[in-house]
Amino acid sequence: MKTVFLHGMGQTAHDWDAVLSQASLPDVDCPELSALPEGKLTYPGLRTGFEKRYTDVKEAFRICGLSLGAVLALDYAIHHKGKVDSLILIGVQYKTPALLIDFQNFIFRCMPEKAFSDMGVSKQDMIRLCHSMRSLDLTARLREVSCPVKILCGEKDRANLKASRQLSELLPQAELYIIPGAGHEINKCAPETIVDILNS
């Protein structure tokens with residue numbers, strides 16, 4: 001079975017390296033999210049690009065996503081039920097908290113352009129992407145997610161703990177894992193935990 005890894009905002013595909021080096025997975029895909037849209041980097045463009053990437057994949061696959069990648073994975077599972085075998089969602093929000101996204105955008109605006117070069121995006125791209133997610137709300141369609149779901153959140157990831165707990169209640173088939181001592185980027189600070197989940 002194919003496993004697709006989706007990185008978070010401000011990360012690149014290489015941020016999964018620690019997980020992939022420890023996991024024995026026969027079929028893996030780890031796209032650079034910023035390269036998926038055909039036009040400007042927006043969330044709708046990102047979702048469309050992701051859908052196109054897996055149009056010809058016949059067998060249902062597993063998606064492991066962090067933050068932005070987790071939102072995209074959840075959204076995809078809603079719209080393409082038969083193509084998703086299971087989900088691993090890390091530090092996920094199913095409804096964009098406007099204050100949080102506005103604060104994140106404020107931080108991005110204060111950062112120098114060169115700080116975005118390692119992410120493979122421009123400062124304007126990142127600001128545009130954040131703005132395009134401001135009204136995203138998957139709440140009404142969560143009942144359409146029928147596959148098994150595992151939700152991970154770092155004990156220190158205060159911005160996403162509440163949403164992770166709420167999502168685990170809204171999805172009857174979901175299992176919630178609070179990772180002791182971990183922050184938001186579990187793929188970097190506790191990769192072995194993700195490997196254990198993948199192998200369970």
Side-chain angles (χ1 to χ4, degrees), residues 1-37 43-96 129 133 136 138-139 141-154 157 160 163-164 167-168 170-177 179 184-188 190-191 193-200:
M1 180 178 61
K2 180 186 290 294
T3 303
V4 176
F5 291 89
L6 303 177
H7 62 79
M9 190 179 294
Q11 291 192 340
T12 70
H14 288 295
D15 286 295
W16 289 108
D17 287 352
V19 172
L20 297 179
S21 66
Q22 297 179 46
S24 299
L25 301 172
D27 189 359
V28 167
D29 192 29
C30 193
E32 289 290 353
L33 297 188
S34 61
L36 292 179
Y43 182 77
L46 184 61
R47 183 176 58 201
T48 299
F50 184 74
E51 289 171 335
K52 286 183 178 179
R53 185 180 181 95
Y54 300 102
T55 297
D56 297 327
V57 176
K58 304 302 181 187
E59 185 183 351
F61 53 93
R62 173 172 57 179
I63 310 176
C64 178
L66 168 74
S67 197
L68 169 62
V71 173
L72 185 59
L74 184 60
D75 199 354
Y76 185 83
I78 289 170
H79 290 91
H80 302 274
K81 303 172 192 63
K83 300 197 75 169
V84 181
D85 174 83
S86 59
L87 293 171
I88 299 172
L89 307 174
I90 307 166
V92 65
Q93 293 278 348
Y94 58 92
K95 178 181 179 180
T96 301
L129 175 59
M133 296 183 69
L136 185 68
L138 303 176
T139 308
R141 299 195 64 179
L142 288 175
R143 63 184 180 276
E144 298 177 45
V145 178
S146 55
C147 66
V149 180
K150 294 183 178 180
I151 301 168
L152 282 65
C153 192
D157 186 5
N160 296 294
S164 294
L167 184 59
S168 70
L170 292 168
L171 296 174
Q173 76 277 33
E175 297 177 66
L176 176 65
Y177 300 81
I179 313 305
H184 182 55
E185 296 181 299
I186 296 177
N187 56 346
K188 294 165 69 174
T193 300
I194 299 174
V195 174
D196 288 343
I197 296 292
L198 287 165
N199 291 335
S200 64

> Tell me, do V71 and Y43 make a side-chain contact under 4.5 Å, heavy atoms counted?
yes
> Just wondering, do R47 and L72 contact through their side chains at under 4.5 Å, heavy atoms?
yes
> Determine, step by step, whether V149 and L167 satisfy the side chain to side chain contact (heavy atoms under 4.5 Å, CB included) criterion, reporting the C-alpha distance in whole Å, the side-chain angles of both residues, the deciding distance to 0.1 Å, and the verdict.
CA-CA 10 Å; V149 180; L167 184 59; 5.8 Å; no
> State, without any angle test, whether H184 and N160 hold a side-chain donor-acceptor pair at a distance under 3.5 Å.
yes
> Apply side chain to side chain contact (heavy atoms under 4.5 Å, CB included) to W16 and V28, showing your working.
CA-CA 11 Å; W16 289 108; V28 167; over 6 Å; no
> Do L68 and L129 touch side chain to side chain, with heavy atoms closer than 4.5 Å?
yes
> Please report the closest heavy-atom contact between A60 and G82, naming both atoms and the distance.
CB-O, 3.7 Å
> Write down the atom of I186, the atom of C153, and the distance for their closest heavy-atom approach.
CD1-C, 3.8 Å
> Any donor and acceptor pair, going by atom type alone, linking the side chain of T48 with main-chain N or O of G45 inside 3.5 Å?
no
> Heavy-atom count check: over 12 atoms from other residues, nucleotides or ligands less than 6.0 Å from H14 NE2?
no
> Got N187 and I90 here, is their nearest side-chain heavy-atom distance under 4.5 Å?
no
> Could you tell me whether K52 atom NZ has more than 12 heavy atoms of other residues or ligands within 6.0 Å of it?
no
> Could you pull out the closest heavy-atom pair between E144 and I78, with the gap in Å?
OE1-O, 3.9 Å
> Within the structure provided, determine whether V4 and P31 are in side-chain contact (heavy-atom separation under 4.5 Å).
yes
> Would you name the heavy atoms of A13 and H7 that are closest together and state the gap between them?
N-CD2, 3.4 Å
> So, E185 side chain and G8 main chain: donor-acceptor pair closer than 3.5 Å or not?
no
> Once you round to the nearest 0.5 Å, how far does CG of L152 lie from CD1 of I179?
4.5 Å
> Return the minimal non-hydrogen interatomic distance between P26 and S24, and the atom names on each side.
CD-O, 4.0 Å
> Got a second to check how far L170's CG is from R143's CZ, nearest 0.5 Å?
11.5 Å
> Quick one, F5 and L25 - any side-chain contact, counting heavy atoms below 4.5 Å?
yes
> Do the non-hydrogen side-chain atoms of S67 and Q11 ever get within less than 4.5 Å of each other?
no
> Evaluate the side-chain proximity of L198 to V19: yes if any heavy-atom separation is below 4.5 Å, no if none is.
yes
> Please report the closest heavy-atom contact between A163 and V92, naming both atoms and the distance.
CB-O, 3.7 Å
> Carefully, step by step, assess R62 and S86 under the rule side-chain hydrogen bond (donor to acceptor under 3.5 Å, both in side chains).
CA-CA 5 Å; R62 173 172 57 179; S86 59; 4.8 Å; no
> Within this structure, what is the NE2-CG distance for the pair H79 and L138, rounded to the nearest 0.5 Å?
8.0 Å
> Check whether more than 12 heavy atoms from other residues, nucleotides or ligands sit under 6.0 Å from atom NZ of K2, and answer yes or no.
yes
> Got a donor-acceptor contact below 3.5 angstrom from the K150 side chain to the Y177 backbone?
no
> Can you classify the ring geometry of F50 versus F61 as parallel (below 30°), tilted (30 to 60°) or perpendicular (above 60°)?
perpendicular
> Hey, could you give me the CG/CG distance between L74 and L89, rounded to the nearest 0.5 Å?
6.0 Å
> Which of these, L33, L36, L66, sits in a side chain to side chain contact (heavy atoms under 4.5 Å, CB included) with L6?
L33
> Taking atom CG of D15 and atom NZ of K188, what is their separation to the nearest 0.5 Å?
4.5 Å
> Before giving the answer on side chain to side chain contact (heavy atoms under 4.5 Å, CB included), spell out for I194 and Q22 the whole-Å C-alpha distance, their side-chain angles and the decisive distance to 0.1 Å.
CA-CA 10 Å; I194 299 174; Q22 297 179 46; over 6 Å; no
> At what distance, to the nearest 0.5 angstrom, does NZ of K95 lie from CG of L142?
11.5 Å
